[in-house]
2 protein chains.
Amino acid sequence: MSRNSAVSRPARDPRESVSEATAARLSVYVRCLAALEGEGVDHISSQELAKRFHLNSAQIRKDLATFGEFGTRGVGYATGALKRHLISILGLDRTRRVAIIGAGRLGSALADYGGFRSGGFRIAALFDNDRARIGSKSRAGVPVHDIRRLAEIVALEKIEIGVITVPASAASEVARKCWEAGLKAVLNFAPVRLDPPPDAFLKNVDLKINLETLSFYIARA
Amino acid sequence: MSRNSAVSRPARDPRESVSEATAARLSVYVRCLAALEGEGVDHISSQELAKRFHLNSAQIRKDLATFGEFGTRGVGYATGALKRHLISILGLDRTRRVAIIGAGRLGSALADYGGFRSGGFRIAALFDNDRARIGSKSRAGVPVHDIRRLAEIVALEKIEIGVITVPASAASEVARKCWEAGLKAVLNFAPVRLDPPPDAFLKNVDLKINLETLSFYIARA
């Protein structure tokens, strides 16, 4: 992966490099398997999984083969076991702590956002440089700390992921502070390209792609 | 596509059905081609494009072949012409107007968000049911209207896309209002599954997948 892909990290070894698209598909498979498990489906073939959730069966087999031998010929995948295995591969079998840097509207909305706080992640802290915000709490109770305490609180709270929600003009400096504070994984909402060090993971959120996908369907309707 | 995929719409004709993943990749190709154009690269092969941006060359050829014959054997794709063609396929050769329903922190942050407002889209209106918000404007000047005026203003302002940023508990009712108001394309930020009519496009934004992808890389580091 390079700075041009959404998750930037130089591959140390080609065998280790798994594309961001593959990683994102693992998340999708977990959601599909959880839905099937909820319906009491205990085994499913890659073809059935593909048909049911509009995925590609060859892609499913290829993605899963990267991580081991999961299916049984003629029986398919064991729904619950495969889900748990993928959760483990995604590192979601433990809670990861997240800091949000930028306690403005987007940052505080994300701190309290149901789709962000649930299973696997805990928003441990917000950071800002605005004295009017420092010392306050989000509605869900996430404390807002002085950005100058980032390294200290990252270490104290064992925070692993930083989310950047500051204005574009401040994002590069904030990203540098994140990396200096030991945050190896950064999710960037600022519409600006950042320059991660070789040992850091950076994922840029491009919300506009969602609007473009809708535009595509409107244009073809 | 079905309710189980992120963009929900029953395919009227299998030939017409292009997956959401394909549509999203077209957006990525446009960004890559724009970067190359900026560097003065006038032709590029699918192999070079794949290598440069860490994509899959067979996937690029397959995706583009869906929409016509673009490349020239031995010469590759004409950077600028392909970019313009993809922009046209994505329906981004004209401005599409967007309404955001829910003028809370997330909605008003998105209304003013640089990565959302730029080229191709115009945030024309915010809507809310809170009288304290109705009549105000976002920092960037987007007016907040009474949700009861949704259909009227959608027609008046020729709005095509609705973005739902209300709490999960209100999202289903708001989605129904969007569809009744004639918004055929809806982007849903509420962590709840909506039930679109057959002629509507729905895209659910799952921000947590971004955290999960980072978790995957942390777990393998």
Side-chain angles (χ1 to χ4, degrees), chain A residues 1-2 4-5 7 9 16 18-20 23-24 26-28 32 35 52-54 89-92 96 98 104-106 108-110 112-116 118 120-121 160-161 168 184-187 189-191 199 201 203 205-221, chain B residues 1-2 4-5 7 9 16 18-20 23-24 26-28 32 35 52-54 89-92 96 98 104-106 108-110 112-116 118 120-121 160-161 168 184-187 189-191 199 201 203 205-221:
Chain A
M1 281 160 286
S2 80
N4 296 307
S5 74
V7 168
R9 188 178 202 206
E16 280 187 41
V18 172
S19 81
E20 185 192 339
L26 298 184
S27 288
V28 172
C32 297
R52 166 71 195 276
F53 295 100
H54 300 261
I89 289 169
L90 284 164
L92 301 174
R96 296 196 184 274
V98 177
R105 290 171 302 169
L106 182 60
S108 46
L110 289 177
D112 296 346
Y113 182 55
F116 220 48
S118 50
F121 300 96
E160 295 180 291
I161 298 175
K184 292 295 180 226
V186 166
L187 190 59
F189 279 85
D199 63 340
F201 303 104
K203 184 156 169 48
V205 177
D206 187 342
L207 290 173
K208 204 161 72 164
I209 279 190
N210 298 300
L211 290 181
E212 293 186 3
T213 300
L214 286 173
S215 170
F216 170 82
Y217 288 106
I218 297 171
R220 288 165 68 86
Chain B
M1 281 160 287
S2 80
N4 296 309
S5 74
V7 169
R9 186 176 205 209
E16 280 187 41
V18 172
S19 80
E20 185 194 340
L26 299 184
S27 287
V28 172
C32 297
R52 167 71 197 274
F53 294 100
H54 300 261
I89 289 169
L90 284 163
L92 301 174
R96 296 196 184 274
V98 176
R105 291 172 301 170
L106 182 59
S108 46
L110 289 177
D112 295 346
Y113 181 55
F116 220 48
S118 51
F121 301 96
E160 295 180 291
I161 298 175
K184 293 295 180 226
V186 166
L187 188 60
F189 278 85
D199 63 341
F201 303 104
K203 183 153 172 46
V205 177
D206 187 342
L207 289 173
K208 204 161 71 163
I209 279 191
N210 297 301
L211 290 181
E212 293 187 4
T213 300
L214 285 173
S215 171
F216 170 82
Y217 287 106
I218 297 172
R220 288 165 68 82

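Letters A, B, ... mirror the listed sequences (proteins, then strands); counts begin at 1. Side-chain atoms are counted along with the backbone in the values below, which use heavy atoms only and exclude waters and symmetry mates.
Ranking A/Ala185, A/Ala24, A/Ala23, A/Ser108 against chain B, the residue ahead of the rest is A/Ser108, based on heavy-atom pairs under 4.5 Å. With chain A as the partner, the residue from B/Gly104, B/Ala190, B/Ala168, B/Ala219 showing the most heavy-atom pairs under 4.5 Å is B/Ala219.
Contact annotation: the side chain of A/Glu212 approaches that of B/Leu92 to within less than 4.5 Å [non-hydrogen atoms, C-beta and beyond]. Side-chain contact between B/Leu187 and A/Leu207 is absent, with no heavy-atom pair separated by less than 4.5 Å. Within the 4.5 Å cutoff, the side chain of A/Glu20 has no heavy atoms near those of the B/Phe216 side chain.
The nearest pair of heavy atoms linking B/Leu214 to A/Phe201 is CD2-CB, 4.0 Å. Between A/Leu106 and B/Ala109, the closest heavy-atom pair is N-CB, 3.6 Å. Heavy-atom minimum distance, A/Val205 versus B/Tyr113: O-OH, 4.0 Å.
The line from CZ of B/Phe121 to CG of A/Asn210 is 10.0 Å long, rounded to the nearest 0.5 Å.
Using a 4.5 Å cut-off between heavy atoms, A/Leu90 touches chain B through backbone and side chain atoms alike. Interface residue B/Ile161: only side-chain heavy atoms are found under 4.5 Å from chain A.
Listed for the B/Tyr217 side chain is no donor-acceptor partner under 3.5 Å among the backbone atoms of A/Lys184.
Judged as a side chain to side chain donor-acceptor pair (under 3.5 Å), and not counting sequence neighbours, the contacts of A/Ser215 are B/Arg96.
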